[in-house]
Amino acid sequence: MPADQFLRPLLRGFALLLLALASIVPAQAAVTITFWSQEFGQNFPHAFFTFSGTPDAGGPAVNESYGFTAKAITPALLMGSVGGRIDRPRPSYIARSNAHFSVVLSDAQYAAVRALVAEWGEAGDSHYNLNRRNCVHFVAEAARRSGLQVVEDRTLMKKPRSFVQSVERANAGRVTVIELPASAYFATLPPPAVTDGTPVPETATAPH
């Protein structure tokens with residue numbers, strides 16, 4: 001049999017094998033958003049979220065945390081709207097918090113949640129209102145933009161843990177339930193992503 005007639009079926013079979021393998025290779029890593037709370041924070045209960053992973057479209061890995069809070073904790077909080085700011089919980093704060101659930105974002109959803117950070121930051125409308133625009137409202141909008149069903153029960157909007165858990169229940173089967181304190185949660189994860197080329201040295205104390 002001529003060599004080309006022998007090789008042609010082998011090459012065709014190899015090509016088909018490559019196509020089959022390509023169909024089962026996991027998709028490129030996406031960004032995961034994880035929702036957290038700290039029921040007894042330094043000043044008052046707090047809700048926030050973290051990003052980890054790499055956008056499907058490519059680009060640098062992200063490993064970031066975001067919340068929303070008042071610029072100053074004063075009696076003026078009880079009187080109405082005050083100045084607010086985007087909060088970036090530090091690793092030491094996250095280490096004392098509880099991870100409730102996570103969901104993998106599409107690039108469009110990731111962009112929408114990032115836009116929320118800008119909209120509530122200094123370049124947007126950053127006013128804080130304890131009753132109508134607090135950290136729980138910020139997390140509620142982040143969950144909506146993550147494609148989740150959100151009901152803003154008025155009785156829960158000052159109760160970060162209870163509210164985040166209500167979103168978890170409302171989206172059963174669509175989210176990955178965690179319900180662990182930070183140290184136990186980080187122990188289940190591989191080393192966190194790097195940001196700006198700088199590795200995070202300790203998973204257990206790093207936002208992820």
Side-chain angles (χ1 to χ4, degrees), residues 30-38 41-91 93-94 97 99-154 156-164 166-168 170-171 175 193 195-196 206-208:
V31 173
T32 295
I33 186 170
T34 302
F35 291 85
W36 298 72
S37 75
Q38 188 174 120
Q42 216 170 14
N43 297 302
F44 44 72
H46 192 42
F48 60 95
F49 60 83
T50 56
F51 287 134
S52 64
T54 305
D56 284 324
V62 295
N63 183 26
E64 301 169 348
S65 56
Y66 293 98
F68 184 70
T69 190
K71 285 186 176 180
I73 309 304
T74 70
L77 285 171
L78 303 176
M79 307 299 292
S81 296
V82 298
R85 64 178 177 84
I86 293 296
D87 178 41
R88 299 295 304 277
R90 295 171 180 259
Y93 185 91
I94 295 174
S97 304
H100 294 292
F101 69 88
S102 65
V103 62
V104 177
L105 302 176
S106 68
D107 281 2
Q109 291 167 337
Y110 173 54
V113 181
R114 289 206 74 91
L116 170 67
V117 174
E119 291 164 15
W120 286 49
E122 289 191 6
D125 181 358
S126 60
H127 83 274
Y128 178 98
N129 187 290
L130 187 60
N131 295 313
R132 297 189 300 275
R133 206 171 191 266
N134 62 28
C135 66
V136 178
H137 295 90
F138 179 71
V139 164
E141 183 59 23
R144 280 194 201 91
R145 297 189 187 198
S146 299
L148 301 178
Q149 179 181 341
V150 177
V151 176
E152 293 192 11
D153 183 338
R154 188 167 53 85
L156 300 181
M157 300 313 289
K158 295 180 187 176
K159 299 177 179 179
R161 178 183 298 172
S162 297
F163 174 78
V164 173
S166 76
V167 176
E168 178 186 300
N171 294 275
V175 301
T195 306
D196 298 328
H208 195 79

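Predicted model only: the values in this text are computed from it and were never measured.
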Nearest-0.5 Å distance, [atom1] of residue [X] to [atom2] of residue [Y]:
X	Y	atom1	atom2	result
I94	F48	CD1	CZ	5.0 Å
M157	F163	CE	CZ	4.5 Å
W36	S102	CH2	OG	10.0 Å
R161	L156	CZ	CG	13.0 Å
K159	S166	NZ	OG	11.5 Å
W120	R133	CH2	CZ	4.5 Å

List the steps, then state whether side-chain contact (heavy atoms from CB on, under 4.5 Å) holds for E64 with R114.
CA-CA 11 Å; E64 301 169 348; R114 289 206 74 91; 2.7 Å; yes
Can you check whether [Y]'s main-chain N or O pairs, donor with acceptor, with [X]'s side chain at less than 3.5 Å?
X	Y	result
N134	K158	no
D56	D107	no
D87	T69	no

Does the side chain of S37 pick up a donor-acceptor pair with the side chain of H100 at under 3.5 Å?
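The criterion, which ignores hydrogens and geometry beyond distance, is satisfied for H100 and S37.
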Option from V175, T50, V103 for which side-chain contact (heavy atoms from CB on, under 4.5 Å) with I33 holds
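By the side-chain contact (heavy atoms from CB on, under 4.5 Å) criterion, I33 pairs with just one of V175, T50, V103: V103.
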Closest non-hydrogen atom pair, [X] against [Y]:
X	Y	answer
T34	A99	CG2-CB, 4.2 Å
G121	I86	CA-CG1, 3.7 Å
C135	A47	SG-N, 3.4 Å
V104	A30	CG1-CB, 3.6 Å
G80	N129	C-ND2, 3.7 Å

So is R88 actually on top of Y66's ring, under 6.0 Å and inside 45° of the axis?
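Judged by the rule, R88 and Y66 form a cation-pi pair.
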Show the numbers, then the answer: is there a side-chain contact (heavy atoms from CB on, under 4.5 Å) between F49 and V117?
CA-CA 11 Å; F49 60 83; V117 174; 4.2 Å; yes
Show, in sequence, the C-alpha distance, side-chain angles and deciding distance for N63 and S52, and conclude whether the side-chain hydrogen bond (donor to acceptor under 3.5 Å, both in side chains) test is met.
CA-CA 5 Å; N63 183 26; S52 64; 5.8 Å; no
Any side-chain heavy atom of S97 within less than 4.5 Å of one from H46?
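No; the side chains remain at least 4.5 Å from each other.
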List, one per line, each side-chain donor-acceptor pair under 3.5 Å for residues 141-151, sequence neighbours excluded.
{"unit_1": "E141", "atom_1": "OE1", "unit_2": "R144", "atom_2": "NH1", "d": "2.9"}
{"unit_1": "E141", "atom_1": "OE2", "unit_2": "R145", "atom_2": "NE", "d": "2.9"}
{"unit_1": "R144", "atom_1": "NH1", "unit_2": "E152", "atom_2": "OE2", "d": "3.3"}
{"unit_1": "R144", "atom_1": "NH2", "unit_2": "E152", "atom_2": "OE2", "d": "2.5"}
{"unit_1": "R145", "atom_1": "NH1", "unit_2": "A112", "atom_2": "O", "d": "3.0"}
{"unit_1": "R145", "atom_1": "NH1", "unit_2": "E119", "atom_2": "OE1", "d": "3.3"}
{"unit_1": "R145", "atom_1": "NH1", "unit_2": "E119", "atom_2": "OE2", "d": "3.3"}
{"unit_1": "R145", "atom_1": "NH2", "unit_2": "E119", "atom_2": "OE1", "d": "2.7"}
{"unit_1": "S146", "atom_1": "OG", "unit_2": "A142", "atom_2": "O", "d": "2.8"}

Applying side-chain contact (heavy atoms from CB on, under 4.5 Å) to N171 and F101, what does each step give before you reach the verdict?
CA-CA 10 Å; N171 294 275; F101 69 88; over 6 Å; no
